[in-house]
Amino acid sequence: MTRTLALALIGAAACQAAAPDAQALLAGYDRLRNGWDSFSVRVRIQTFENGKADEAYDYEVYQKGAERTYVEFLSPREKGQHLLMLGDDMWIYLPDTSRPIRITPLQRLQGNASNGDVARTNWAADYNAVVLRGEAVDGAQCHVLELTAKRKGATYRKVHLWLRAGDGRPVKADFFLASGKHAKSASYDQYETVNGRTVLKQMTLYDRIRNSSYSVMKYDEWNPRQLPDRMFHQGRSERF
Amino acid sequence: MHAGIVLLAAAATLAAQSGGSETRFAFSLGDEGGYTAGLRAPIESGTNLGIAQGSFAWREGGRFRFAASAAALAATAEETHSRLLVKETYFGFTAGDFDFLAGKKILKWGTGYAFTPTGVLDPPRDPSDPTDRLGLNQGRELASLEYIRGRHAVTAAWASGGMLQRHRPGLNETFAARDNFMLKGFDTSVIFAKMRGRPVLTGANFTRVVGESVEVHAEVAHCESTVVLAGGQYSFRSGVNTTVELYSPGAGGPRYAFFRIGKSRLRELPGWKEWDLGGMVLANLRDHSRLLIIDVNRRFGNHLSVYGRVQAPAGAKWRSEYGMIPYAALLTGGFRVQL
């Protein structure tokens with residue numbers, strides 16, 4: 001009896017040691033989405049409605065660390081607009097003006113692929129992660145993580161994220177609003193190697209409220225480079 | 001000669017180190033027709049405005065910048081008058097923590113939507129068109145030096161009273177300084193300005209986001225009198241955004257209220273998400289006159305948008321600010337193509 005109990009305890013301890021570190025897995029996910037501490041990347045979002053190409057948006061995203069993102073809008077209709085994210089705070093700059101407009105968290109969610117989807121990609125800073133279970137997806141064993149927002153700047157209140165057990169690559173994700181509504185799903189479609197690092201090249205966001213609509217987000221021209229701190233100051237008069 | 005070669009080599013090295021050059025350009029073409037209904041003055045009831053606008057910006061790494069934008073207008077009432085507006089033309093460079101800029105540039109220090117007591121260098125704000133929907137705001141001829149370090153961005157600027165454009169009314173030579181910083185979620189600015197012929201203006205403004213849905217902003221400025229603005233925005237889960245402002249332009253002057261409600265992408269459904277709808281009310285709280293504005297915009301693809309606008313004043317005719325507007329309604333409609 002004592003020996004059986006001891007063996008059971010040893011087995012339990014071994015299982016505990018083998019349980020994956022959810023926050024470490026999430027940090028690995030962040031490295032695929034944000035390859036370097038300071039970089040820029042060109043993002044193109046093509047939306048589809050009932051299978052047909054609908055709207056297209058282009059952005060130049062500049063990121064420094066987990067808390068600072070600057071987005072330049074390049075599509076014809078939005079040209080001249082800029083978005084700045086500092087921690088939980090976001091501003092939008094309109095053309096012909098150096099005056100920023102503060103955006104509320106709800107305003108970030110508006111649109112098909114929201115400002116938060118483009119600008120807020122450091123999930124380890126925004127979410128607490130726990131491993132819910134293991135699950136096989138398309139023949140690959142995955143860890144299923146539940147992410148719960150730990151700060152008001154997080155785009156979604158809850159995320160379920162499937163990461164491949166072998167290499168930590170994301171396979172898919174579900175996004176939930178504060179109301180509990182399942183708003184979007186994502187599939188992580190392609191990767192590429194840039195300067196020796198594996199980074200995300202394409203993902204697809206599916207609208208789960210209107211199932212006829214989805215957006216393909218493509219990441220190109222990854223450019224690791226030193227970005228000046230002044231680029232990320234909300235009071236700076238110069239906006240390129 | 002040796003010194004010249006050394007300088008050229010230094011400049012070339014600096015340019016090479018700063019990471020290459022980038023350019024941005026944009027061009028748009030538009031036309032807007034207007035009709036005044038219930039006209040009470042001997043002016044043309046029908047008007048037309050053609051606008052062509054272009055902008056160009058060049059950046060050499062993080063160090064040198066040049067930008068220019070202009071608008072060509074052709075306005076037709078009884079006759080056609082054409083004009084070229086230079087909105088901005090300026091050159092800037094960065095040295096260490098300093099940004100230097102000289103030329104004609106739009107600077108906006110105010111945080112208000114329809115009004116701004118602290119916007120000492122801002123283009124004149126028209127509360128019935130707070131976003132400058134036609135993009136016709138012009139910059140001031142100025143030179144500025146900005147120092148950004150840590151949390152603070154400190155700007156000192158001199159703006160002329162009009163060197164190349166002496167005919168712009170209401171412009172005074174101005175020296176101004178601003179310190180902008182974030183403090184516990186408040187985006188805060190402290191502003192000092194001295195306009196020729198007027199006492200020193202001291203002012204401050206802030207914006208703050210509260211919770212998920214609320215943004216508040218306020219400005220106060222004291223020059224000859226104290227001018228105050230208080231306002232806020234509320235975002236509904238449905239995507240509707242509202243803005244409210246109260247403005248008091250000094251002792252003895254009228255108080256104003258501004259309210260705007262609008263939604264971009266009316267519904268996330270095919271045929272609906274291309275529509276934007278908004279309405280504004282601007283009221284003089286002293287004489288109770290009001291101006292009501294409704295805007296509708298419809299996008300076609302990535303380049304074309306078509307819009308309509310109705311503007312209707314109300315108030316005691318000829319005895320109130322908006323009641324003096326000599327028409328019952330102004331209807332405008334137009335299109336804009338952006339490349």
Side-chain angles (χ1 to χ4, degrees), chain A residues 47 49-50 52 54-58 60 72 74-80 86-91 93-112 152-153 177-179 207 209-210 212-213 223 225-231 233-240, chain B residues 19 22 24 26 55 57 59 62 65 67 69 87-88 92 94 97 99 101 105-111 122 131-132 135 137 144 146 148 152-153 155 178 180-182 185 187 189 207-209 211-215 217 233 235-237 239 241 264-265 268-270 273 299 302-303 305 338-339:
Chain A
T47 68
E49 193 69 48
N50 293 316
K52 286 192 214 168
D54 191 17
E55 300 165 303
Y57 301 94
D58 291 288
E60 185 84 28
E72 191 183 349
L74 300 174
S75 307
R77 209 183 316 122
E78 298 175 319
K79 224 175 248 192
L86 298 176
D88 292 335
D89 299 304
M90 237 187 223
W91 293 259
Y93 298 79
L94 300 177
D96 294 343
T97 179
S98 301
R99 172 189 163 264
I101 299 170
R102 293 290 283 270
I103 299 180
T104 62
L106 273 184
Q107 285 174 301
R108 297 174 203 180
L109 277 172
Q110 290 163 10
N112 202 330
K152 68 174 183 177
L177 303 175
S179 59
D207 188 334
I209 297 173
R210 297 180 311 111
S212 60
S213 168
N223 184 4
R225 55 173 164 159
Q226 271 309 310
L227 297 168
D229 290 342
R230 65 196 314 99
M231 174 182 261
H233 196 288
Q234 77 286 344
R236 190 182 184 207
S237 302
E238 273 283 3
R239 296 289 155 197
F240 178 68
Chain B
E22 294 174 84
R24 299 282 188 268
S55 67
R59 178 173 66 188
R65 294 169 299 284
S69 60
K87 301 197 293 181
E88 291 190 315
T94 297
D97 294 328
D99 278 342
L101 181 153
K105 185 168 187 348
I106 295 171
L107 275 188
K108 287 191 178 181
W109 288 356
T111 58
D122 289 28
T131 60
D132 182 28
N137 272 342
S144 73
E146 192 160 77
I148 298 179
H152 291 263
T155 311
R178 179 188 76 155
N180 173 265
F181 52 93
M182 285 288 288
D187 179 2
S189 292
T207 66
R208 196 183 201 290
V209 167
E212 275 200 319
S213 317
V214 176
E215 180 265 1
H217 56 270
Q233 275 191 79
S235 311
F236 291 87
R237 289 192 180 280
N241 289 308
S264 296
R265 303 173 70 92
E268 286 296 333
L269 288 171
K273 61 186 172 186
R299 291 179 295 281
N302 289 325
H303 297 275
S305 55
Q338 285 161 278
L339 301 175

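Quick note on labels: first sequence line is chain A, next is B, and so on, each numbered from 1.
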**Student:** Judged by atom type as modelled, is there a donor-acceptor pair below 3.5 Å linking the side chain of A:R236 to the main-chain atoms of B:D99?
**Tutor:**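 Pair absent, no side-chain N/O of A:R236 close to backbone of B:D99.
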**Student:** Between B:T94 and chain A, with a heavy-atom cut-off of 4.5 Å, which part of the residue counts as in contact: side chain, backbone, both or neither?
**Tutor:**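 Looking at B:T94, just its side chain touches chain A.
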**Student:** Which atom names give the shortest non-hydrogen contact between B:V209 and A:T104, and what distance separates them?
**Tutor:**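 Smallest interatomic distance, heavy atoms only, reads CG1-CA, 4.2 Å.
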**Student:** Could you grab the distance from atom CG of B:D97 to atom CG of A:D229, nearest 0.5 Å is fine?
**Tutor:**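 The CG atom of B:D97 sits 9.0 Å away from the CG atom of A:D229.
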**Student:** Out of curiosity, B:D187 CG to A:Q234 CD, how far, rounded to the nearest 0.5 Å?
**Tutor:**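 The CG atom of B:D187 sits 4.5 Å away from the CD atom of A:Q234.
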**Student:** Would you check, one step at a time, whether the test side chain to side chain contact (heavy atoms under 4.5 Å, CB included) holds for B:Q338 with A:K79?
**Tutor:** CA-CA 9 Å; B:Q338 285 161 278; A:K79 224 175 248 192; over 6 Å; no
**Student:** Could you tell me the separation between the CZ atom of B:R24 and the CD atom of A:E60, rounded to the nearest 0.5 Å?
**Tutor:**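 Interatomic distance, B:R24 CZ to A:E60 CD, rounded to 0.5 Å: 6.0 Å.
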**Student:** Using non-hydrogen atoms only, which part of B:A26 is less than 4.5 Å away from chain A: side chain, backbone, both, or neither?
**Tutor:**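 Contact with chain A involves both backbone and side-chain atoms of B:A26.
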**Student:** Side-chain contact test, heavy atoms from C-beta onward, threshold under 4.5 Å: evaluate it for B:N180 versus A:H233 and give yes or no.
**Tutor:**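 B:N180 reaches A:H233 side chain to side chain.
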**Student:** Enter the distance from A:L86:CG to B:M182:CE here, rounded to the nearest 0.5 Å.
**Tutor:**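 Between A:L86 CG and B:M182 CE, I get 7.0 Å after rounding to 0.5 Å.
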**Student:** Kindly compute the distance separating CD (A:E49) from NZ (B:K273), expressed to the nearest 0.5 Å.
**Tutor:**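 Separation between the atoms: 4.0 Å.
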**Student:** Dump the intermediate steps for side chain to side chain contact (heavy atoms under 4.5 Å, CB included) on B:R237 and A:L177, then the final yes or no.
**Tutor:** CA-CA 11 Å; B:R237 289 192 180 280; A:L177 303 175; 5.8 Å; no
**Student:** Which heavy-atom pair separates B:N302 from A:P76 by the least distance, and what is that distance?
**Tutor:**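 Minimum heavy-atom separation between B:N302 and A:P76: O-CB, 3.6 Å.
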